[in-house]
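In what follows, a single structure is set out as structure tokens and then discussed.
Proteins come first, then strands; the chains are lettered A, B, ... in the order of their sequence lines, and each starts at number 1.
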There are 2 protein chains.
Amino acid sequence: MRELARTFQAFNAYDDEHIRQLGLTAPQFDVICTLGNTPGMTMGQLAEKTLVTKGTLTGIIDRLERKGLVRREVPPANRRCFMIVLTTEGDRVFEEVFPAHIAYLKQRFSKLNEQELEEIRLSLRKLRQLFQPIQN
Amino acid sequence: MRELARTFQAFNAYDDEHIRQLGLTAPQFDVICTLGNTPGMTMGQLAEKTLVTKGTLTGIIDRLERKGLVRREVPPANRRCFMIVLTTEGDRVFEEVFPAHIAYLKQRFSKLNEQELEEIRLSLRKLRQLFQPIQN
DNA sequence: TATTGTTATACTCTATAACTATA
DNA sequence: TATAGTTATAGAGTATAACAATA
């Protein structure tokens with residue numbers, strides 16, 4: 001039981017350190033990954049996917065906008081909402097930084113063989129289903 | 001690879017929600033768990049165990065002290081440092097709330113059989129060793 | 001009236017660096 | 001001088017609830 005919390009803590013520390021080196025915070029990185037390879041998303045959709053309240057998301061998007069990584073577009077059909085879209089620079093970050101981050105994590109995984117990886121993958125999937133009843 | 005991040009995100013959301021219901025934050029809960037079943041610890045030791053800088057820890061301990069869950073004791077031998085100790089109330093929280101939290105998590109795990117649990121345990125241990133080179 | 005976001009409020013956590021007190 | 005913690009500073013994330021604009 002504690003195993004899960006400790007593993008998570010260790011992973012998170014490792015993960016977070018690299019994200020910060022890239023000049024982003026974990027929630028900001030999460031938003032960029034969520035927006036990557038999509039035509040954009042409203043604040044509401046984005047808040048739901050990233051598990052953040054809408055009020056909190058406003059601040060995160062403000063900061064990403066200030067960094068020039070996303071922009072708010074007003075769809076003519078419904079002027080109450082925004083489409084949050086990656087800018088060219090934001091897309092570049094997604095295309096370059098995201099794989100770099102994966103590669104960074106892969107360094108550690110390379111110590112395992114294929115069978116071990118498959119077992120871990122299976123275990124994680126089971127765990128995730130346990131804690132994430134609502135699947136996307 | 002993403003499996004790991006998503007799983008932990010789901011777990012964390014579930015975990016955090018319960019901790020907040022108990023009136024604590026994750027770092028505060030972490031401190032109480034770390035202090036449980038110990039004679040106390042200096043700020044430095046505690047900061048190291050909880051992976052937090054000493055400046056940050058000061059604030060966390062201040063808030064726990066205000067809640068009456070820990071106290072700072074000055075050891076006569078070295079008046080530069082404090083021993084951070086659980087109060088009676090703090091110990092009660094550790095003794096009652098910690099198992100309650102475990103039970104809360106167990107609800108989900110009860111859906112798995114013993115063999116699955118063992119496989120998951122093994123996978124998590126491998127993962128942890130991957131990301132936590134410095135073991136305590 | 002209902003929906004979509006923003007703003008106001010109030011905390012907590014976060015790191016860094018300068019500082020105080022003790023050793 | 002070195003060590004142990006605190007304080008100052010500055011920012012990010014967090015939720016909640018009140019608000020404005022649009023539908």
Could you run down the sub-3.5 Å N/O contacts of the protein with nucleotides 15-18 of chain C?
residue, atom, partner, partner atom, Å
dA15(C), OP2, Thr53(B), N, 3.4
dA15(C), OP2, Thr53(B), OG1, 2.8
dA15(C), OP2, Thr56(B), OG1, 2.9
dA15(C), N7, Thr56(B), OG1, 3.3

Cluster link Val97(B) to Ile102(B), ILVMFWY, side chain under 4.5 Å: yes
Expected output: side-chain Thr7(B) to main-chain Leu127(A) donor-acceptor under 3.5 Å: no
Arg92(A)/Glu95(A) salt bridge by N-O under 4.0 Å criterion: no
Rounded distance (Å) that lies between atom P of dA4(D) and atom CD of Glu73(B): 19 Å
NZ/NE/NH1/NH2 to OD/OE distance under 4.0 Å, Arg72(A) and Asp62(A): yes
N-O pairing of Arg121(A) and Glu119(A) below 4.0 Å: no
Euclidean distance, atom CG of residue Leu46(B) to atom P of dC13(C) [Å, nearest integer]: 13 Å
Atom-to-atom span, CG of Leu57(A) to C1' of dT6(C) - whole angstrom: 11 Å
Near-ring test Phe94(B)/Phe29(B), centroid separation under 6.0 angstrom: no
Any Gln28(B) side-chain N or O less than 4.0 Å from OP1/OP2 of dC13(C): yes
Distance, rounded to the nearest Å, where Arg20(B) contributes CZ and dG13(D) contributes P: 15 Å
Atom-pair distance (CD1 on Ile61(A); C1' on dG5(C)), nearest Å: 12 Å
Check ion pair Arg71(B)-Glu65(B) (N to O, under 4.0 angstrom): no
First encountered from the 5' end of DNA chain D, between Asp62(B) and Cys81(B): Cys81(B)
Residue Arg72(B), side-chain heavy atoms: nucleotide from dT12(C), dG13(D), dT6(D) that is nearest: dT6(D)
Length of the line joining Met43(B):CE and dT7(D):C1', which is rounded to integer Å: 12 Å
Nearest-angstrom distance from the residue atom CZ of Arg63(B) to P of dA10(C): 17 Å
Flag, side chain of Thr42(A) to backbone of Phe82(A), donor-acceptor distance under 3.5 Å: no
Every protein N/O lying under 3.5 Å from an N/O of nucleotides 20-23 of chain C:
residue, atom, partner, partner atom, Å
dA23(C), OP1, Arg79(B), N, 2.8

Contact nearer the 5' end of DNA chain C, comparing Pro27(B) with Gly59(A): Gly59(A)
Glu17(B) (side chain) donor-acceptor with Tyr14(B) (main chain) under 3.5 angstrom: no
Spacing between Asp16(A) atom CG and dA12(D) atom P, to the nearest angstrom: 14 Å
